[in-house]
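Encoded as structure tokens, the structure appears first; notes follow it.
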Amino acid sequence: MNAEKRRQIFGRLRDANPSPTTELVYRTPFELLIAVILSAQATDKSVNKATAGLFAAASTPEAILALGEDGLKTHVRTIGLFNSKAKNIMKTCAMLVSEHDGEVPRNRQALEALPGVGRKTANVILNTAFGEPTIAVDTHIFRVANRTRLAPGATPLAVEQKLLRHVPKEFRKDAHHWLILHGRYVCIARKPRCESCLISDLCEHPDKLSASPG
DNA sequence: AACTCGGGGCA
DNA sequence: TGCCCAGAGTT
């Protein structure tokens, strides 16, 4: 795919989603960090419900440490993988206080050193909280990249690196949001809405409903 | 690369 | 009911 074609593709995705935004509820980088840690293998709706009462009660690492793990669990509605997530959140809050002055660090190495934070979560924080042009490859983006042969790769890291190489610079900062929204609402896992797909000319997936390229 | 943790949302 | 979810950590 040449550069002009790529520019067209991301232009279409941008026009379909004019205002990139996360659907997780948060007000600060710290709240986003907690929300994203909780979001592993869970939907954003589940996370929003789970955290509905939490940030009003505790919105800083110090406040969550003061709650303790049991107290944290009383303020967070149960969610998948909750035991490990709660433990990781407590450890992460402790590290934020002891090593980062209670602030969310802005560099990848420090973020990934936090328990419960891997490459994907670090990319979300860097992009959404700090405005850096990272691409967090979640299950949606991984699916879109491979179905459409936009950036086929065996691992999320491979997909991320291809996207970073191939996304035109003027689209790079918001590409993450457009791709994930496309995956969530159009290129759905089970029943893709191919009739609404603006990039079906790239699709090589067997589930593709409409025939053929534009 | 494969496996495990896991309850909620949704068709 | 079965599939899927803004994954990370371990083996």
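Chain naming here is simple, since letters A, B, ... match the order of the sequence lines and numbering starts at 1 in each. Since the model is a prediction, treat every value here as computed from it, not as a measurement.
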Checklist entry - Any Lys/Arg nitrogen of A:D138 or A:R184 sitting under 4.0 Å from an Asp/Glu carboxylate oxygen of the other? => result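 Between A:R184 and A:D138 there is no salt bridge, as every charged N stays at least 4.0 Å from the carboxylate O atoms.
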[X] side chain N/O closer than 4.0 Å to the phosphate oxygens (OP1, OP2) of [N]?
X      : N     : result
A:H176 : C:dA6 : no
A:T121 : C:dA8 : yes
A:R77  : B:dG7 : no
A:K191 : C:dC3 : no

Checklist entry - Shortest non-hydrogen contact from A:C197 to A:V186? => result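 For A:C197 versus A:V186, the nearest heavy atoms are CA-CG1, 3.7 Å.
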Next on the checklist: Side chain of A:T78 only, heavy atoms from C-beta on: which candidate in B:dG8, C:dA6, B:dG6 is closest?
Outcome noted: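 My answer, after comparing the listed nucleotides, is B:dG8.
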Item to check | Residue A:H140, side-chain atoms from C-beta onward, closest of C:dG7, C:dA6, C:dC5 | outcome: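 Closest of the options to the side chain of A:H140: C:dA6.
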Could you tell me how far apart [X] ([atom1]) and [N] ([atom2]) are, to the nearest whole angstrom?
X      : N     : atom1 : atom2 : result
A:K87  : B:dT4 : NZ    : P     : 20 Å
A:D138 : C:dA8 : CG    : C1'   : 14 Å
A:K120 : C:dC5 : NZ    : C1'   : 10 Å
A:I89  : C:dG9 : CD1   : P     : 13 Å
A:K45  : B:dG7 : NZ    : P     : 21 Å
A:L81  : B:dG7 : CG    : P     : 9 Å
A:R119 : C:dG9 : CZ    : C1'   : 17 Å
A:N83  : B:dG7 : CG    : C1'   : 11 Å

Checklist entry - Hey, does the side-chain of A:T22 have a donor or acceptor N/O within less than 3.5 Å of a partner on the base of C:dA6? => result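 Indeed there is one.
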Checklist entry - Under the 3.5 Å rule, do the base of C:dC3 and the side chain of A:R190 count as making a donor-acceptor pair? => result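 Per atom types, the contact qualifies.
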Checklist entry - Sub-3.5 Å donor-acceptor pair from the side chain of A:K85 to the main-chain atoms of A:I37, do we have one? => result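 Here the side-chain-to-backbone pair does not exist.
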Item to check | A:R193 side chain vs A:Y185 backbone, donor-acceptor pair below 3.5 Å | outcome: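 Such a contact is found between A:R193 side chain and A:Y185 backbone.
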Next on the checklist: What's the gap between C:dT11 and B:dG6 when it is taken at their P atoms, as a whole Å value?
Outcome noted: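 About 15 Å, rounded to a whole number of Å.
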Checklist entry - What interatomic distance, in whole Å, is found between P of B:dT4 and the corresponding atom of C:dA6? => result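 It comes out at 23 Å once rounded to the nearest Å.
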Next on the checklist: At 4.0 Å (heavy atoms only), tell me whether A:L24 reaches a base, stays on the sugar-phosphate, or touches nothing.
Outcome noted: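 It contacts base atoms.
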